[in-house]
Amino acid sequence: MKSLLQLIALAATVSIGGIATAANFRTVVIDAGHGGHDNGGQWGRVYEKHLALDTAYRLESKLKALGYQTVMTRRSDYFISLPQRVSTGNRYNNAIFVSIHYNYTWKQNVSGLETFYSTEQGRRLAYHVQNSLIKRTRTVDRKVKYARFYVIRNSRLPAILVEGGFVSNEAERSRMKSAWFRDSIAQGIADGIQRYRREY
Ligand SMILES: [Zn+2]
């Protein structure tokens, strides 16, 4: 029979083990939204799928420079299903999952940035990424939100979905067309990932 001390020691090991797993993550799964026949949000020749992929590449190079390992769910303009995106991410341990999107709505005056999570472990990551994004871009803060989007709901990893502004908003659309803006989105996400890791 285990003594009380042994049980306490066991509980401590389990809890430290849990924290260590999160602290040690070194892989970031980057999911560029849409692709192929799925254009995502679209205004004229501005397609969400292209903006998302470009931002994903920028994020990848920033994270590699910081020493992270990266995995991209797609590397060019082709279609992959939502379950494929999730199963790519779920192959990795000690990893986080970041899905990149740009938003669209028929209300053309709506603007701003938002980050979604679906699980408690994703919530803290979302919080750091959203704050860093707002600092970098100085845009409208639509805050961190809970949503049951497929890719973040079904991921085993701490998972977030970033909406980097509205393709349907004229001012945001014109910024999105500029490399510097997509770069600041990527930088904001990278900053947030660093802050999330330092939290542990
Ligand atoms: Zn999207």
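In each ligand, atom 1 is the first atom listed, and ligand 1 is the first ligand listed. The first residue in the sequence is number 1, and the count goes up from there. What you are looking at is a predicted structure, and each value in this text was computed from that prediction instead of being measured.
Counting heavy-atom neighbours within 6.0 Å of Q69 CD, excluding the residue itself, gives a total above 12. For NZ of K143, the number of neighbouring non-hydrogen atoms (other residues, nucleotides, ligands) closer than 6.0 Å is 12 at most.
Protein atoms of type N, O or S found under 2.8 Å from the Zn ion (ligand 1) total 3.
A donor-acceptor pair is defined here as one N or O able to donate and one able to accept, closer than 3.5 Å; such a pair exists between the side chain of R153 and the backbone of R148. Put simply, the side chain of S178 never gets that close to the backbone of W180: no donor and acceptor are under 3.5 Å apart.
Side-chain contact of R175 with T139: a donor-acceptor pair under 3.5 Å is present, judged by distance alone.
Between E60 and K64, at least one side-chain N (NZ, or NE/NH1/NH2) sits under 4.0 Å from a carboxylate O, which counts as a salt bridge.
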